[in-house]
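See below for the structure under consideration.
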Amino acid sequence: MTPAKLAATVLSAARAVFETRGLDTALLPEITSVERPRNLEHGDYASTLAMQLGKKAGVAPRELAQALAAELEKHPAVKEVGIAGPGFLNIRLDPAEIAKAARDILVAGANYGHSDTLAGERINLEFVSANPTGPVHIGGVRWAAVGDALSRLLRAAGAQVGTEYYFNDAGAQIDRFARSLYASAKGDPAPEDGYGGAYIAEIATAVRSQAPDVLDLDEAEAVETFRRVGVDLMFAEIKASLDDFGVNFDTYFNEKDLHARGELQQALDRLREQGHVFDTDGAVWLRTTDFGDDKDRVLRKSDGDWTYFAADCAYYLDKRNRGFERCVYMLGADHHGYVGRMKAMAACFGDDPEKNIEILIGQLVNLVRDGEPMRMSKRAGTVVTLEDFVDALGVDATRYALARYSSDSPIDIDIDLWTSASRENPVYYVQYVAARTASVARQSEAVGLRRGDEADFRPELLVNSKETELLKALEEYPETVSRSAELREPHHVARLLEKIAGEYHRFYDEPACRILPKGDEQIGDGNRARLWLNDATRTVIANGLALLGVSAPERM
RNA sequence: GCGCUCGUAGCUCAGCGGAUAGAGCAACGGACUUCUAAUCCGUCGGUCGCAGGUUCGAAUCCUGCCGGGCGCGCCA
């Protein structure tokens, strides 16, 4: 009896009650859910359906609750139903019914938690998209971890996902980058509006080794060479560091291609057809204020150059034309001013800004050592880079640390905490369960304790409260995955894994729940049943960590 | 000034319409001839920024205020 099945049972019980009493069944919701009360005395699950329906149906909530309870208690998996307060239904299940989850989990294996919640949705996720003018810095790192986790989550929920890195290779920033490389190669100081940092010298040197005579060219050609070769090198480096971080994009999209294919003009034409374009002072504008933006935006400047925003429009249209009905953008807090214009732009194309475009804003991240935010990086000069992060914490801890918090809260990542081997380090706490369960599995194998096949599983032997609590936590997993996917919030998965880890450690430490036989004890069905639970736990922990891009070690 | 966002235990954060608001850390006290103590158990700790409103019920939704962060270019 999973929570989802129980919720459906509650709903059908409500339907039965409504029918026998001649109440209007149209008042019933299409779907309901059950809660997990914090207080164990309130049962395994609770429903608030009676309170929600009481007033609408003109029946006192407690009276409705009574009728529902009587109906529910007919179900064989339901042990007892209590009524509390204004009409809570506190449901206690037969623990053996809860225990069946261990079998379901192991039957599903790596697919446990997958669903079709978002089946049929085509979702484009764009994140990182750092300019190839330097290493990926701290804001991009957060989205690399969260965006990649989100892509895995959405896929687990059945969506078709395309991840995308927008490679901004056609702007003034790139000019500055090229001129900075050129200056560095000549031994000149960096241009006033250019880039500093040791990496500029490294890239400049690398360009010269690929094009030894570059400094003999006239300035324009030399800068062009630095641009072309330098951007390629920088981009290769960004890709490599993301790859080391476990993040690979389905598409690396070049802004240059939008220009080359005339897509900016096409976007402009489309917007003009929709009636939202006007010309003033020699410039071409999009009337985004028609859809709530605080000012209109220029698409093409009076000097004939396209704005960056025009490229944004073309890129959005390109994504839509490739069949993505949901375009998700993940931006840093310093870009939240874009939300209004992006939503308005979608509306100007005739799209639904509430559905076709989603903008997630990630708050600031600080990497903290000894209570002080780290600002300095040897290579980048002033910013903390992806490499700095990974050097300090390792890939697993970095990804977990960034994925376990809501993106809209600013976070400090304390290096000492996230590298410590202790309870206070959540990634170790969770990974330790992976290692412990694997260790138990190895030793079971060694002493001849096997799960056997499904018929050998005896759920009625997993009825200790430690076992039941662990099983209930495991059963929360599928719903947590779908909910996190719908909310675009991977951190709920991490938090559930921590809860499961706590329940497992308590189960493990309970003498009555020993999995392996002690001393010369005989192997019994109880040991076997607990091994099912052990292995089911390992499956869920491994599946959850995989969604976050974190390893589930066999040993620690 | 206008807009966005965040104020929950000493600290770091969950909870985002349900019951007596949770967890870890910190403080104090316990459990190792271990299935890996990288663990577990207990005690202490809160006018959920403030004030109204919506409702059977608000940390959660709405409004105003206070406080922190960020944004408001024919920049990228």
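It should be emphasised that the depicted structure is a prediction, and the values quoted were computed from it without experimental measurement. Keep in mind that the numbers below use all heavy atoms, side chains included, and drop hydrogens, waters and symmetry copies. Quick note on labels: first sequence line is chain A, next is B, and so on, each numbered from 1.
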- Nearest-Å distance for atom pair CG/C1', residues A:Leu299 and B:rC75: 15 Å

- Base, sugar-phosphate, or nothing: which does A:Ala333 touch, judged by heavy atoms less than 4.0 Å apart? sugar-phosphate

- Message: Tell me the interatomic distance from A:Asp296, atom CG, to B:rG73, atom P, rounded to whole angstroms.
- Response: 13 Å

- May I ask whether A:Tyr429 stacks on the base of B:rA38, given the cut-offs of 5.5 Å between ring centres and 30° between planes? no

- Message: Over all strands shown, is A:His335 touching base, sugar-phosphate only, or nothing at heavy-atom distances under 4.0 angstrom?
- Response: base

- Whole-Å distance separating the CZ atom of A:Phe309 from the C1' atom of B:rC75: 14 Å

- Query: So A:Phe235 and A:Tyr252, would you call those rings parallel, tilted or perpendicular, with 30° and 60° as cut-offs?
  - Reply: perpendicular

- According to the Watson-Crick and G-U wobble definitions, with both distances under 3.5 Å, which nucleotide is paired to B:rC2? B:rG71

- Query: Looking at A:Arg483, does any N or O in its side chain come under 4.0 Å of the phosphate oxygens OP1/OP2 on B:rC16?
  - Reply: yes

- Item | Span that lies between the P atom of B:rA23 and that of B:rG57, in whole angstrom | 28 Å

- Query: Does A:Ala435 or A:Thr48 map to a spot on RNA chain B nearer the 5' end, using the closest nucleotide for each?
  - Reply: A:Thr48

- Query: A:Arg495 has an atom CZ; how far is it from atom C1' of B:rA14, in whole Å?
  - Reply: 5 Å

- Task: State which residue, out of A:Lys472, A:Arg506, A:Arg530, fulfils the salt bridge (Lys or Arg N to Asp or Glu O under 4.0 Å) condition with A:Glu467.
- Result: A:Arg530

- Task: Would you state whether a donor and an acceptor, one from the side chain of A:Thr307 and one from the base of B:rC74, lie under 3.5 Å apart?
- Result: no

- Item | Interatomic distance at P, B:rC11 relative to B:rC65, whole Å | 27 Å

- Message: Using the C1' atom as the point on both nucleotides, what is the distance between B:rC50 and B:rA58, in whole Å?
- Response: 16 Å

- Write down the distance separating the C1' atoms in B:rC61 and B:rC41, rounded off to the nearest Å. 40 Å

- Determine the Euclidean distance between corresponding P atoms of B:rG15 and B:rU8; express it in Å to zero decimal places. 14 Å

- Which of the following nucleotides, B:rA19, B:rU5, B:rU12, is nearest to the side chain of A:Gln363? B:rU5

- Item | C1' atoms of B:rA26 and B:rG68, separation to the nearest Å | 24 Å

- Heavy-atom side-chain contact between A:Thr537 and A:Phe507 under 4.5 Å: no

- Message: Between B:rG69 and B:rU63, how many Å separate the two C1' atoms, rounded to a whole number?
- Response: 23 Å

- Query: Do you see a donor-acceptor pair shorter than 3.5 Å between the side chains of A:Gln52 and A:Thr48?
  - Reply: yes

- Query: Given atom NE2 of A:His505 and atom C1' of B:rG24, what is their separation to the nearest angstrom?
  - Reply: 13 Å

- Quick one: which of B:rA38, B:rC70, B:rC74 gets closest to the side chain of A:Asp334? B:rC70

- Item | P spacing across the pair B:rA59 / B:rG53, given as an integer number of angstrom | 15 Å

- Message: Nearest whole Å is fine: how far is B:rC13 C1' from A:Leu496 CG?
- Response: 17 Å

- Task: Kindly point out which of B:rA38, B:rC74, B:rG71 is positioned nearest to the side chain of A:Asp281?
- Result: B:rC74

- Message: Here's a test of your reading of the structure: between A:Ser47 and A:Arg300, which maps to the more 5' nucleotide of RNA chain B?
- Response: A:Ser47

- Message: Tell me the interatomic distance from A:Glu489, atom CD, to B:rU60, atom C1', rounded to whole angstroms.
- Response: 14 Å

- Nearest to the side chain of A:Phe88 - B:rA38, B:rA19, B:rG73? B:rA19

- Query: What's the closest nucleotide to the A:His336 side chain, out of B:rC70, B:rG73, B:rC40?
  - Reply: B:rC70

